[in-house]
Enquirer: 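Mind having a look at this structure? Questions to follow.
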Amino acid sequence: MTIKVSEKIQNNLVNLRQQLKILGEESSDKQPVELLAVSKKHSIDAVKAAAEADQVHFGENYVQEGVEKIQQLKAEGFNQLQWHFIGPLQSNKTKDVAEHFDWVQSIEREKIARRLNEQRPSDKPPLNVLLQVNIDDDDNKSGLSADDVENLARFVSNCENLKLRGLMTILKAGTSEQERRDSFSKMRQLYQQQQAVYGEQIDTLSMGMSGDMRQAVLEGANMVRIGTAIFGQRES
Ligand SMILES: *Cc1c(COP(=O)(O)O)cnc(C)c1O
């Protein structure tokens, strides 16, 4: 990777942090907003460039790609990074996720939660878990419906090796700004219901990507998941 590319990534991070600080202060909760750098389909060098600019949280969608990056970066001494699995998770891949990642944001089924709980190594802290909610009832998106959050949250909260931290959503594509705000606002209500039941351990509402980060933060997101605006376009 050329110096120019890594400088670009680092400048993007500085700009995003600044924007998030301002947006967080504009939002009604004045909450600080954590930036998750979504590094899927970007190189290890790109991750390193971000890590050298003090980026801690990274998101990956594909198990094998993610595990390779985690292992290589640990071998090179990047031990402080927190890795979030954010893609669809099949049951035959749960073991790798349980062994290598720090967070899973895409839990939508009891079966997956049960396997992660069983497969989490005992020498590691509990795996941090967000439930993925399909708030727009979009047929093309994974995630559970709002009505099912309560049951799955109860199940996860009883798993010794999982720690329920909150909720995640990906909105339907192509909706209006007002529709996006309404959906994010519904998420925030669900999140507050979870806080009322489980208290302070519920501290993460992950919503907003490069294209809808502003509305998400104004409606209460305290974690945004940003790929393109940090690393540039992905090759598909
Ligand atoms: C790819 C991805 C992102 C990042 O999307 P950008 O538009 O590149 O910012 C965020 N969340 C999830 C779940 C993703 O799969």
Side-chain angles (χ1 to χ4, degrees), residues 5 8-20 23 33-44 46-47 49-50 53 55-67 69-70 81-90 93-94 97 101-109 112 116 127-144 165-175 177 180 183-184 187 190-191 204-236:
V5 175
K8 178 98 185 120
I9 290 171
Q10 292 168 351
N11 286 339
N12 288 343
L13 281 170
V14 169
N15 290 336
L16 272 166
R17 287 177 190 140
Q18 184 64 22
Q19 284 178 47
L20 287 171
L23 280 174
V33 183
E34 190 73 65
L35 176 58
L36 176 71
V38 178
S39 45
K40 65 172 177 231
K41 297 193 178 171
H42 290 287
S43 67
I44 289 190
V47 175
Q55 179 61 34
V56 173
H57 294 274
F58 288 89
E60 289 284 336
N61 289 56
Y62 308 101
V63 177
Q64 195 187 334
E65 177 187 341
V67 170
K69 281 180 187 154
I70 294 169
L81 307 183
Q82 290 278 303
W83 291 93
H84 297 237
F85 189 78
I86 61 174
L89 184 50
Q90 309 296 327
K93 301 273 177 68
T94 51
V97 170
F101 281 81
D102 305 292
W103 291 68
V104 179
Q105 300 205 1
S106 47
I107 301 284
E108 54 169 348
R109 289 189 284 149
I112 299 293
L116 290 169
L127 186 61
N128 298 293
V129 164
L130 304 181
L131 307 185
Q132 181 175 350
V133 184
N134 185 356
I135 198 71
D136 295 324
D137 294 320
D138 181 352
D139 294 338
N140 300 317
K141 288 271 154 42
S142 34
L144 69 170
R165 299 288 296 267
L167 303 175
M168 180 272 241
T169 196
I170 307 171
L171 295 194
K172 192 169 172 174
T175 55
E177 167 148 3
R180 292 201 291 272
S183 297
F184 287 139
M187 282 297 296
L190 273 178
Y191 174 70
T204 307
L205 179 56
S206 168
M207 55 188 197
M209 322 201 321
S210 297
D212 56 10
M213 158 181 122
R214 185 184 156 76
Q215 291 95 6
V217 173
L218 292 177
E219 293 297 342
N222 59 15
M223 180 179 283
V224 292
R225 306 179 309 272
I226 308 291
T228 311
I230 297 173
F231 298 109
Q233 292 292 336
R234 289 177 286 274
E235 287 173 31
S236 45

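Read the numbers this way: they start at 1 and go in the same order the structure lists the ligands and their atoms.
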Enquirer: Hey, does Leu36 have a side-chain heavy atom less than 4.5 Å from the side chain of Ile86?
Expert: yes
Enquirer: Report the residues that fulfil ring pair (Phe, Tyr, Trp, His ring centres under 6.0 Å) with His84, sequence neighbours left out, ordered by chain and then residue number.
Expert: His57, Trp103
Enquirer: To the closest 0.5 Å, what do you measure between CD (Gln215) and CD (Glu177)?
Expert: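 CD of Glu177 is found 4.0 Å from CD of Gln215.
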Enquirer: Any idea which residues sit under 4.0 Å from ligand 1, heavy-atom distances?
Expert: Val38, Lys40, Asn61, Ile86, Ile170, Met209, Ser210, Arg225, Ile226, Gly227, Thr228, Arg234
Enquirer: Looking at CG of Leu16 and CE of Met213, how far apart are the two atoms once the value is rounded to the nearest 0.5 Å?
Expert: 5.5 Å
Enquirer: As a quick check of understanding, evaluate side chain to side chain donor-acceptor pair (under 3.5 Å) for Gln233 and Thr228, giving each step before the final call.
Expert: CA-CA 5 Å; Gln233 292 292 336; Thr228 311; 5.0 Å; no
Enquirer: Would you check if the distance from the ring center of Phe101 to the ring center of Trp83 is below 6.0 Å?
Expert: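 No - the distance between ring centres of Phe101 and Trp83 does not fall below the 6.0 Å cut-off.
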